[in-house]
Amino acid sequence: MLTLDPIIFKLESQIPYVSPDQAIALFDAEAKEHNLVLAPLGKDQYRIETPMGMIDLLTHDDAVRLKISSPNKEALYLLKEGVDDHIGHSTNHSQEPLQWRGDLPAGETPPNFREVSVTSTQPIGRTFVRVTVRGKGIERFFDTGMHFRLVFPKQAGSVPVWPYLDEAGRTVWPKGEQELMRPVYTVRKIDKEIPAFDFDVFLHEGGPTADWASQAKEGDKVGLMGPSGGWIPEADNILIAGDETAIPAISRILETIPVSTKGTVFLSIEKEGDQIPVTHSPSISVEWVIRDGRSHECLLDQAKKAELPEGKGAFVWLAAKKSVARKAKHYFRDEKGFNTKNSYIAGYWEEV
Ligand SMILES: Cc1cc2nc3c(=O)[nH]c(=O)nc-3n(C[C@H](O)[C@H](O)[C@H](O)COP(=O)(O)OP(=O)(O)OC[C@H]3O[C@@H](n4cnc5c(N)ncnc54)[C@H](O)[C@@H]3O)c2cc1C
């Protein structure tokens, strides 16, 4: 019987500014951070096996080389981006990116990028605009992650020039008049038939995305990058809290979790009347927390008063302003014993 090996795509680069010992320590720490292992693989060679492919570290003759191999170009690109990011930050050399050689096609958009078109927009309540998009390859955003980066020109009305890969495998983002915005949003509703999906943009003061969404019209081109993380928590008993930016994710969670899941949900909004319809099963109770000029921390104060979910299927899910998420992490994880497996606590925006 003929068996075919999976196609392997490869990239290779030197790391000019670290010693072999530094590189081993660096990759060992990073592997541990992701619950992975940097394993020795013969003389002067180490390997991290990840769900997206392998990272080989070669430390021959005092030079440090990296090899990445993956079953597809997208996984290869994502692993490379992760390595670039890690090395840049840990060595303070983010201004001297690695020179990769291999199987990423120069001149093309990154493999996790798709250009799609706006098909319609509609107001949801008085503080959200729902944008519907469709286009080739949009199905990739349906079931392997809840979030994505929305890419659109900073200068309203200009024709977008998309990011591309250069000869060294780097993502080149247009600058100046062609600069692009790339905030993170949530896939709210999916239509597999068309195929298309909706995302809901919260209309806050001074938000370029809010301005973009308010002016978007049928046929406008927009870029999507991802999917990038987040999924429906598996829980029997759940405590959920979030502000406007998290309402799309929370709504999708409430529409997807089993009807048997019990839970309490706190949704923080600025004013009475800002509520939007939220569909949920009878075993979930939803309470709106009206800030009315109070600090965003009132969401956490309210969540702290609720009964904590207990037992094997307990889960805490909270997404809000970064400062609130930081305090929530301290409370739920350091004080109440939740961990990264039975809680998702994320900062979705910050005051700048
Ligand atoms: C995983 C994830 C999923 C998200 N999903 C959604 C979603 O589905 N819908 C959604 O609306 N948002 C969502 N967000 C939040 C969104 O990415 C941020 O609000 C982002 O800052 C919006 O970008 P912007 O370009 O409009 O504003 P920015 O350029 O980031 O900021 C412009 C100004 O707006 C302020 N600002 C930003 N967000 C808020 C806010 N919520 N309230 C008040 N002022 C604000 C900033 O402080 C700044 O002064 C999500 C974020 C994450 C991390």
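For this chain, numbers begin at 1 and follow the sequence in order. For ligands, and for the atoms within them, numbers begin at 1 and follow the listed sequence.
Aromatic ring orientation, F141 versus F197: tilted (interplanar angle from 30° to 60°). Ring pair Y348/Y344 is perpendicular by interplanar angle, where above 60° counts as perpendicular and below 30° as parallel.
Sorted by chain then number, the residues whose non-hydrogen atoms approach ligand 1 to under 4.0 Å are H147, P183, V184, Y185, T186, D200, V201, F202, H204, E205, G206, G207, P208, T209, T245, P248, Y348, W349, E350, E351, V352.
Salt bridge status for R126 with D274: present, with a side-chain N to carboxylate O gap under 4.0 Å. Comment: D200 engages R130 in a salt bridge, judged by a side-chain N to carboxylate O separation of less than 4.0 angstrom.
The only option from F113, F152, W173 that meets the ring-ring contact (aromatic ring centres under 6.0 Å, His included) definition with W162 turns out to be F113.
S214 meets the side chain to side chain contact (heavy atoms under 4.5 Å, CB included) test with L203; sequence neighbours excluded.
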